[in-house]
Amino acid sequence: MQKIKYVLWSLLLGLTAWWLWADPLLSTPLGFFAVRNSLVNYTGLLGMAMMSVGMVLAVRPVWFEPYLGGLDKMYRLHKWLGIGGLVMSILHWLCSNAPKWLIGSGLMAPPAGGRPPRVEPTVEIFKLFQSWRGLAEGVGEWAFYATVLMIALALIKRFPYKWFFQTHRVLAVTYLVLVFHAVVLMNFSYWAQGLAPFMAVLMLAGAVSAVVVLFRKVGEHRKVAGVIEAVERFDALQVLYVALRLDGRWPGHQAGQFAFVNFDAKEGAHPFTISSAWQGDGHITFLIKELGDYTRTLPDYLAVGHAVEIEGPYGQFTFQGPKRRQIWVGAGIGITPFVARMKILAGAPDGKQIDLFHSTTVLDPRAIDKMEDDAASAGVRLHVLHDARDGRLDAARLCAAVPDWREADVWFCGPPAFGRALKAALVAQGLPAADFHQELFEMR
């Protein structure tokens with residue numbers, strides 16, 4: 001979380017400082033319309049910068065994962081950038097239009113002496129931009145309306161995922177229109193100050209990413225076809241076990257990583273944590289919790305022989321760290337990455353002392369038996385807490401069970417609110433925040 005917060009604030013504060021240096025606001029007499037014009041430029045810059053970085057992250061660039069903490073953190077940053085870009089776009093639109101409405105309604109006097117004379121550019125490309133201003137303003141406004149609608153739909157979790165999957169692609173089109181709007185209307189003086197060239201590079205990267213999204217090429221080189229070999233449903237847990245045989249070249253994965261799995265082209269790919277260790281034999285398994293309309297339908301139509309496409313692997317929740325002591329907390333279906341890690345440790349112990357806490361609302365004897373076997377083979381000390389029988393897991397119980405917890409890395413996978421509460425309690429008692437690792441993956 002700290003890494004993506006640093007990136008977000010560095011982008012916002014860095015561009016703000018650059019804009020203050022490049023914009024004539026602080027070097028000219030202040031007046032309402034002078035301030036308004038500068039704010040139009042500022043909100044437009046920040047809005048396009050955030051949308052550009054968000055568009056780049058949308059194509060899942062794996063080379064950013066080590067620096068941003070994994071694709072789950074990158075998607076959280078993508079969401080923040082989308083919300084921030086939406087807010088800045090609305091402010092940009094208001095700064096541009098509100099004075100016109102106020103003057104038109106008689107609530108504000110027009111600027112004394114009328115509109116200041118427009119400085120005619122001398123560079124040929126800027127002359128061309130000048131001739132396109134009316135077109136850029138018109139298409140930019142309609143693209144703004146479409147962008148607001150698409151981002152709002154993306155943030156409404158009740159909006160069906162398959163429709164979100166389809167409509168979210170429209171943002172690539174509206175983004176390209178907004179790039180044209182921004183390039184044409186950007187203050188010409190920003191080019192000499194380096195701000196406009198920086199924005200041009202940022203928007204070029206975003207435009208290339210938008211084209212990749214439009215042509216459905218996201219993750220194209222990381223996709224592998226496969227077929228279902230086995231399906232088993234754990235009714236009490238409402239969990240589906242799916243085993244696949246991959247027919248293409250899979251690069252291999254580490255325990256704790258996930259993949260996008262496409263069972264139905266109309267629905268699109270969904271992210272699921274991989275529950276098996278990679279043996280290089282083309283076999284891979286998933287444990288899928290029935291959490292929504294789509295996952296609840298999977299037991300009804302998935303069968304042996306069903307064709308599948310997976311993309312990945314992704315993620316940095318890979319249990320890497322210098323400490324010889326680890327505490328794992330897997331709540332509900334969050335146990336999945338730990339199952340995969342135990343299978344690896346059974347064949348290749350790493351010498352670390354590990355306690356695994358599994359908190360569950362439903363106790364399934366078959367699942368617990370398998371987990372106990374995995375833990376015994378991996379040399380992991382297992383604590384199973386059934387909420388109705390044992391009460392809920394909290395920091396006090398964890399600390400009591402593992403007296404040397406301050407010397408450990410904590411790895412958490414489960415409900416986000418539970419993770420935040422557990423982290424806050426442990427950090428308050430002395431655990432360094434950097435020693436608490438939590439998956440944040442949410443597509444929306």
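This chain uses plain numbering: 1 for the first residue, then up along the sequence. Just so you know, these numbers use all the heavy atoms, side chains as well, and skip hydrogens, waters and symmetry mates.
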Q: Ignoring hydrogens and geometry beyond distance, is a side-chain donor-acceptor pair present between Thr174 and Tyr145 at under 3.5 Å?
A: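 Tyr145 and Thr174 do not have a side-chain donor-acceptor pair below 3.5 Å.
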Q: Take Lys3 and Val7 through the test side chain to side chain contact (heavy atoms under 4.5 Å, CB included) and record every step on the way to the result.
A: CA-CA 6 Å; Lys3 291 180 179 179; Val7 169; 5.7 Å; no
Q: Would you please classify the geometry between the Phe272 ring and the His270 ring as parallel, tilted or perpendicular, with 30° and 60° separating the classes?
A: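 Because their plane-to-plane angle is under 30°, the rings of His270 and Phe272 count as parallel.
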Q: Which residue, Phe357, Phe338, Phe317, forms the ring pair (Phe, Tyr, Trp, His ring centres under 6.0 Å) with Trp328?
A: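 The ring pair (Phe, Tyr, Trp, His ring centres under 6.0 Å) with Trp328 is passed solely by Phe338 among Phe357, Phe338, Phe317.
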Q: Can you name the nearest heavy-atom pair linking Gly312 to Pro251, along with the distance?
A: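 In terms of heavy atoms, the two residues are closest at O-CG, 4.0 Å.
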Q: Whether the side chain of Ser96 engages the backbone of His92 through a donor-acceptor N/O pair (distance < 3.5 Å, no angle test) should be reported.
A: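 Side chain of Ser96 to backbone of His92, a donor-acceptor pair under 3.5 Å: no, none is there.
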Q: Can you tell if the side chain of Asp247 reaches within under 4.5 Å of the side chain of Val224, non-hydrogen atoms only?
A: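 A side-chain contact under 4.5 Å is absent here.
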Q: Answer yes or no: is there a side-chain heavy-atom contact under 4.5 Å between Arg36 and Val40?
A: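 Arg36 reaches Val40 side chain to side chain.
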Q: In a table with atom names and distances, give each donor-acceptor pair under 3.5 Å that connects a side chain of residues 195-217 to protein atoms at least two apart or in another chain.
A:
| residue | atom | partner | partner atom | Å |
| --- | --- | --- | --- | --- |
| Ser209 | OG | Ala205 | O | 2.9 |

Q: Would you find more than 12 non-hydrogen atoms of other residues, nucleotides or ligands less than 6.0 Å from Lys343 atom NZ?
A: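 It does not: Lys343 NZ has 12 such atoms or fewer within range.
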Q: Any chance the rings of Tyr314 and Phe260 have centres within less than 6.0 Å?
A: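 Yes - the distance between ring centres of Tyr314 and Phe260 falls below the 6.0 Å cut-off.
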Q: State, with a plain yes or no, whether a side-chain heavy atom of Gln316 is found less than 4.5 Å away from one of Lys73.
A: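 With C-beta onward as the side chain, the pair stays apart.
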Q: Test Trp19 against Leu25 for side chain to side chain contact (heavy atoms under 4.5 Å, CB included), laying out the working first.
A: CA-CA 10 Å; Trp19 167 79; Leu25 176 64; 3.9 Å; yes
Q: Please confirm whether the backbone N or O of Asp409 pairs with a side-chain atom of His437, one donor and one acceptor, at under 3.5 Å?
A: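 Judged by distance alone, no pair lies under 3.5 Å.
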Q: Determine whether the side chains of Gln2 and Tyr6 contain a donor N or O and an acceptor N or O closer than 3.5 Å.
A: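 There is no such pair between these side chains.
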Q: Regarding Ser275 and Thr285, do their side chains bring together a donor and an acceptor under 3.5 Å, going by distance alone?
A: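 Yes, a side-chain donor-acceptor pair sits under 3.5 Å.
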Q: Specify the closest pair of heavy atoms between Ala265 and Asn262, including all atoms of both residues, with the distance to one decimal.
A: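 The answer is N-OD1, 3.4 Å.
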Q: For residues Val261 and Val242, determine if any side-chain heavy atom of one lies less than 4.5 Å from a side-chain heavy atom of the other.
A: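 The answer is no, as the side chains (C-beta and beyond) never meet within the 4.5 Å cut-off.
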Q: Does a sphere of radius 6.0 Å around CD in Glu141 hold more than 12 heavy atoms from other residues, nucleotides or ligands, not counting ones at 6.0 Å or beyond?
A: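 Yes, the 6.0 Å shell around CD holds more than 12 heavy atoms from other groups.
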Q: Taking the side chain as C-beta and beyond, is there a heavy-atom pair between Asp394 and Arg397 under 4.5 Å?
A: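 The answer is yes; the side chains approach within 4.5 Å.
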Q: Checking the side chain of Glu65 only, and the main-chain atoms of Leu71 only, is there a donor and an acceptor separated by less than 3.5 Å?
A: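 Yes; at least one donor-acceptor contact below 3.5 Å.
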Q: Any Lys/Arg nitrogen of Arg341 or Asp350 sitting under 4.0 Å from an Asp/Glu carboxylate oxygen of the other?
A: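 Looking at Arg341 and Asp350, the cut-off is met.
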Q: Would you call Asp355 and Arg325 a salt bridge, taking side-chain N to carboxylate O under 4.0 Å as the test?
A: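 Counted as a salt bridge, because a side-chain N and a carboxylate O are separated by less than 4.0 Å.
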Q: Donor-acceptor pair, distance only, cut-off 3.5 Å: does the side chain of His383 make one with the backbone of Leu356?
A: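 A pair under 3.5 Å: no.
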Q: Counting N and O atoms only, with roles assigned by atom type, does the side chain of Gln257 sit under 3.5 Å from a partner on the main chain of Gly315, one being a donor and the other an acceptor?
A: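 Checking the backbone N and O of Gly315 against the side chain of Gln257, a donor-acceptor pair under 3.5 Å is found.
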Q: Going by heavy atoms in the side chains, are Met48 and Val179 under 4.5 Å from each other?
A: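 A side-chain contact under 4.5 Å exists here.
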Q: Is the backbone of Met55 close enough, under 3.5 Å, to the side chain of His78 for a donor and an acceptor to pair up by distance?
A: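 No, the answer is negative, given that no donor and acceptor are paired below the 3.5 Å cut-off.
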Q: Check the pair Thr16 / Tyr42 against side chain to side chain donor-acceptor pair (under 3.5 Å), numbers first and verdict last.
A: CA-CA 8 Å; Thr16 298; Tyr42 175 66; 2.7 Å; yes
Q: Under 4.5 Å between any side-chain heavy atoms of Pro337 and Phe258, yes or no?
A: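 Side chain of Pro337 against side chain of Phe258, heavy atoms only: no contact under 4.5 Å found.
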Q: Counting only heavy atoms not in Arg392, do more than 12 fall under 6.0 Å of its CZ?
A: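 No, CZ of Arg392 has 12 or fewer neighbouring heavy atoms, counting only those of other groups under 6.0 Å.
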Q: Phe412 and Phe418: aromatic ring centres closer than 6.0 Å?
A: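 Ring centres of Phe418 and Phe412 closer than 6.0 Å.
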Q: Can you find a pair of side-chain heavy atoms, one from Arg222 and one from Pro313, that are under 4.5 Å apart?
A: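 The answer is yes, as the side chains (C-beta and beyond) meet within the 4.5 Å cut-off.
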Q: Between Trp101 (side chain) and Leu94 (backbone), is there a donor-acceptor pair under 3.5 Å?
A: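 No: the side chain of Trp101 does not pair with the backbone of Leu94.
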Q: Mind running side chain to side chain contact (heavy atoms under 4.5 Å, CB included) on Gln238 and Lys289 for me, showing each step along the way?
A: CA-CA 6 Å; Gln238 294 183 307; Lys289 177 72 173 178; 4.2 Å; yes
Q: Could you tell me whether the side chain of Gln326 and the main chain of Phe319 form a donor-acceptor pair under 3.5 Å?
A: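 The answer is yes, because a donor-acceptor pair under 3.5 Å joins these two groups.
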